[in-house]
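Note: hydrogens, waters and symmetry copies are ignored here, and every other heavy atom, side chains too, is used.
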Amino acid sequence: MRENLPLSTPLTIGVLGTNRTRIQKLAMMGISTIGDLLEYYPRAHEDTTEITPIFQLRASNDIQTARGRIVFIKRERSPKRAMQLVRAVIADASGQVECVWFQQGHLPDLFRTGDDVLISGKLKENYGGVLFSSPKIEKIGTQKHIGRVAAVYPESEIITSQWLREKISLLLGSAAFFEEFLPEEVLLENDLISRSEAIRQIHQPESNEALLAAKKRLAFEELFLIQLIGLKRKLIYQRDGSNKKTAVKMDAELVKKFLSSFKFQATSAQKIAIFEILKDLEKPFPMNRLLQGDVGSGKTLVAITVILQVIKSGFQAIILAPTEVLARQHFALIKKELPNNKVVQQILGRSISAELLIGSTSQKDKIRIKSLLEKGELDFVVGTHALLTDDFSVARLGLVVIDEQHRFGVEQREELKKHNYPHILTMTATPIPRTLALTIFGDQDFSVLDEMPVGRKAVITRIVPEAKRDQAYEFCRSEIAKGNKIFVIAPLVEESEKLDVASATEEYDKW
C-alpha cells in the first residue's frame, strides 16, 4: 500500500504505476482522482474462500476453488487454430485436475512444476473428467485475488477486475480521508459503520459479514442522499413560492355540504386526506402532496373536493392525466359531479365552468380554451401534457392535480413553476410503503387512502388453465346475457407474422 495520498490527487502514471493508455481509459470512465477510483464500487463479489478437494470438483457454471501443487505446466499450439495455449495439471492428496489457458503464454514463466497454488474458475466436462477453463491462478502465500471475497468491477478490454483490485489495493489507505457526513446518532440508531470503513470493506472485504456491513452503509447512504435532495427541492419550492398569494382558507362547512350531496358516504380515509390537503393549502407556501390509493379507493372524489375549495377562493385548477383516455374519464366524472351539483351552485352562487383539452381537441377549441384560461374566465380544465405548451397561461392558477406523476417528465413538472408556483397534488394507484414513499418522494408530503368505499366489491383475479377455456367462455356468455360487459385484452392489435400470440382483431372476429 502506498503512502496515504489526498483524495483529490490526480491519477497519473506514477501514482498508479501504469501506462498512459489506461490512465486515459479511466478518465473516459469518469475516474480522474484517487477519490473517483475509490468510489468506483464493485458490481459484485466472488467468494473463493471455500476450498474444494480436487476429487469433489464437478462441471458447473459456478466458481469453484481448489488448492494443489503443479505437476506440470507447458505451452502448446492449438491443433485446430493457430492459437497458443498453456496446459497444466494440478494435484492434491485426493486427485488431480487439468487446466487450460488460451493466449496466456506468459504463465509458464510465472509458475513452475512444484509450485503450491490456488486455482479458481468454472469447470467443464472433459473426456469423463473435468477441466478448469482459463482459471485464475496464484502462488500460495502471495495470493491477492483467490481465497478471499474478491471484488468484481464493471470492466473494459484493458481495465479488468484483477487490474483494478491491484491498483485500488495500493491506494486503499486514502479511504481514511473520506469525511463522515452522517450524524453520529444516525450511525448508532441504524448500526452503520463509518464511510471510510465501508469503502475499504467494499473493495477488500475481510469477511462476508464485513461485506454485508459495507453494503448496508453505502445503500443507506445512497437512499439518505436521495431523500435529502428531495427535501431540499421541497424547501426550495416552498421558499420560492412563499410570496405567492395562493393560500386557500379551509371552509369546513363547504366540505361537509359537498360530501353530503352524494348518495354514498365518504370513507374515513378520504375525509382525513381532504383535511390534510386543505390544511396544506392554508399555509403561506405552495403544497406538494402525494395521494396514494388503490383503484376504486376514491382519489378523484378527494381531488374534486379540493378543487371546489380552490375555485371558491377565486383560483383556477387543472388536472393533468398521462393519457387521453384517463383525461376523458376524469373530465366525465368531474363534469357530472361539479357543474350540475345544486349544492355547489348554492355554495358558489353560480355554475362551475370546465373544459377538456387534449391532443385531439380541435385547434379552434384549443385556442378558445387557452384564451379563457388566460383571461381567468375558466374555473378548471382537464387535459394531458398537451396543456403544457409555451403559449399555456393561467390567470390565477391555484392548484394542479397530476394523475400518475411518474408518467410526467421532470421538465414538465418544472414547467409548472412558471405559473405562479401553484399547489400540486399528485395521485397514484401504485402501492407504496410509507417509508419508501418518504424516500422516493422526499419533496412531497404523503396521504394514503387505505380503505374502500362501502359496498365496493372486491376485485377477484383468477388464472384459468387451457383445459377450462370453454368454461371461461361460457361464464362470459352468461355475464353478457345478464347485461354485463366483457373486456378482452390481447397483446397485439393486428396479427403478426413474427409473434405467435393473439391479436385484438382476431379476438374480435372470434367473439
Practice task
Measure the CG-CD1 distance between L118 and I146 for me, rounded to the nearest 0.5 Å.
Solution key: 6.0 Å
Exercise for the section: Check the surroundings of atom CD1 in I489: do more than 12 heavy atoms from other residues, nucleotides or ligands lie under 6.0 Å from it? Expected result: no
Practice task
May I ask you to check whether T384 and E324 show a side-chain donor-acceptor distance below 3.5 Å?
Solution key: no
Problem - No-hydrogen, no-angle side-chain donor-acceptor test under 3.5 Å, S503 and E506 - result: yes
Exercise for the section: Determine which pairs satisfy side-chain hydrogen bond (donor to acceptor under 3.5 Å, both in side chains) with at least one residue from residues 63-72, sequence neighbours left out, and list them in order. Expected result: T65-S120, R69-D116
Exercise for the section: Please check if atom CD in E222 has more than 12 non-hydrogen atoms from other residues, nucleotides or ligands closer than 6.0 Å. Expected result: no
Handout entry: Min side-chain heavy-atom separation S207-E209 under 4.5 Å
Key = yes
Completion exercise
Heavy-atom closest pair (A176 atom, S196 atom, distance to 0.1 Å) is CA-CB, 4.1 Å
Handout entry: Spatial distance of atom CD1 (I137) from atom CG (D115) [nearest 0.5 Å]
Key = 8.0 Å
Handout entry: Polar side-chain atom of Q201 near backbone of E206 as donor-acceptor pair, under 3.5 Å
Key = yes
Problem - Heavy atoms of other groups near K216 NZ, more than 12 under 6.0 Å - result: yes
Exercise for the section: Given side chain to side chain contact (heavy atoms under 4.5 Å, CB included), test I63 with K122 step by step and report yes or no. Expected result: CA-CA 5 Å; I63 301 295; K122 297 179 181 180; 3.9 Å; yes
Handout entry: Test item: I236 and R239 side chains (from C-beta on) under 4.5 Å apart, heavy atoms
Key = yes
Handout entry: Candidate pair T18 and L26, rule side chain to side chain contact (heavy atoms under 4.5 Å, CB included), full reasoning
Key = CA-CA 11 Å; T18 188; L26 288 174; 5.9 Å; no
Handout entry: Pairing of R148 and E138 as salt bridge, 4.0 angstrom limit
Key = no
Handout entry: NZ (K139) with more than 12 external heavy atoms under 6.0 Å
Key = yes
Practice task
Apply side chain to side chain contact (heavy atoms under 4.5 Å, CB included) to T33 and list each qualifying residue two or more places apart in sequence or on a separate chain.
Solution key: D36
Exercise for the section: Please tell me if the side chains of E185 and L188 come closer than 4.5 Å, counting only heavy atoms from C-beta onward. Expected result: no
Completion exercise
Nearest heavy-atom contact between I54 and S94 is N-OG, 3.3 Å
Problem - Pairwise distance CD1(I34) to CG(L171) - rounded to 0.5 angstrom - result: 5.0 Å
Fill in the blank from the handout: On a heavy-atom basis, the closest approach of G68 and D92 is CA-CB, 4.4 Å
Exercise for the section: Evaluate side chain to side chain contact (heavy atoms under 4.5 Å, CB included) for L164 paired with L37, printing each intermediate quantity in order. Expected result: CA-CA 9 Å; L164 283 166; L37 184 60; 4.0 Å; yes
Handout entry: Where K167 and G17 come nearest, the two heavy atoms and their spacing
Key = NZ-O, 3.2 Å
Practice task
For the residue pair I73 and I90, establish whether any side-chain heavy-atom pair is separated by less than 4.5 Å.
Solution key: no
Problem - Candidate list Q270, Q292, R289, test side chain to side chain donor-acceptor pair (under 3.5 Å), partner S447, passing option - result: R289
Problem - Atom CD of Q56 with >12 non-hydrogen neighbours under 6.0 angstrom - result: yes
Problem - Flag side-chain contact, heavy atom, 4.5 Å: N288 against R233 - result: no
Enumerate, atom names and distances included, each donor-acceptor pair closer than 3.5 Å involving a side-chain atom of residues 102-114, sequence neighbours excluded.
| from | atom 1 | to | atom 2 | distance (Å) |
| --- | --- | --- | --- | --- |
| Q103 | OE1 | Q84 | N | 3.3 |
| D109 | OD1 | R75 | NH2 | 3.0 |
| D109 | OD2 | R75 | NH2 | 3.0 |

Exercise for the section: Please examine the side chains of Q227 and L231, heavy atoms only from C-beta on, and report whether any two atoms are closer than 4.5 Å. Expected result: yes
Completion exercise
Distance col, row L16:CG vs E166:CD, nearest 0.5 angstrom, shows 11.5 Å
Handout entry: Approximate separation, where rounding is to 0.5 Å, of I486 CD1 and W511 CH2
Key = 6.5 Å
Practice task
Please check if any side-chain donor atom of S169 sits under 3.5 Å from a side-chain acceptor atom of Q204, or the reverse.
Solution key: yes
Exercise for the section: Side-chain contact test, heavy atoms from C-beta onward, threshold under 4.5 Å: evaluate it for K136 versus E46 and give yes or no. Expected result: yes
Problem - Backbone N/O of I13 and side chain of R20: donor-acceptor pair under 3.5 Å - result: no
Practice task
Report yes or no: does H45 contribute a side-chain atom to a donor-acceptor pair with the main-chain N or O of I202 at less than 3.5 Å?
Solution key: yes
Completion exercise
Rounded to the nearest 0.5 Å, the OG1 atom of T428 sits from the CG atom of D294 at a distance of 10.0 Å
Practice task
Return yes if a side-chain donor-acceptor contact under 3.5 Å exists between R469 and Y473, otherwise no.
Solution key: yes
Practice task
Spell out, as yes or no, whether a donor-acceptor pair under 3.5 Å connects the side chain of T52 to the backbone of L57.
Solution key: no
Handout entry: Test item: N19 and R22 side chains (from C-beta on) under 4.5 Å apart, heavy atoms
Key = yes
Exercise for the section: Sequence neighbours left out, what passes ring-ring contact (aromatic ring centres under 6.0 Å, His included) with Y153? Give chain and number order. Expected result: H203
Practice task
Take E155 and W163, measure what side chain to side chain contact (heavy atoms under 4.5 Å, CB included) needs, and give me the verdict at the end.
Solution key: CA-CA 10 Å; E155 299 181 340; W163 185 86; over 6 Å; no
Exercise for the section: For Y40 and G30, indicate whether the former's side chain and the latter's backbone hold a donor-acceptor pair under 3.5 Å. Expected result: no
Fill in the blank from the handout: Taken in chain and number order and not counting sequence neighbours, the residues that satisfy side chain to side chain contact (heavy atoms under 4.5 Å, CB included) with E221 are F181, R195, R217, L218, L225
Practice task
Please say whether more than 12 non-hydrogen atoms of neighbouring residues, nucleotides or ligands are located less than 6.0 Å from CG in N484.
Solution key: yes
Exercise for the section: For P491, enumerate each residue passing the side chain to side chain contact (heavy atoms under 4.5 Å, CB included) test, keeping only those at least two apart in sequence or located in another chain. Expected result: V501
Fill in the blank from the handout: Between K299 and G293 the two heavy atoms that sit nearest each other are NZ-O, 2.8 Å
Handout entry: Matching residue for V302 among T267, I277, I272 - test: side-chain contact (heavy atoms from CB on, under 4.5 Å)
Key = I277
Problem - F72, CZ atom: more than 12 neighbouring heavy atoms under 6.0 Å - result: yes
Handout entry: Closest approach of P42 to A151 (non-hydrogen atoms, all atoms of both residues)
Key = CG-CB, 3.5 Å
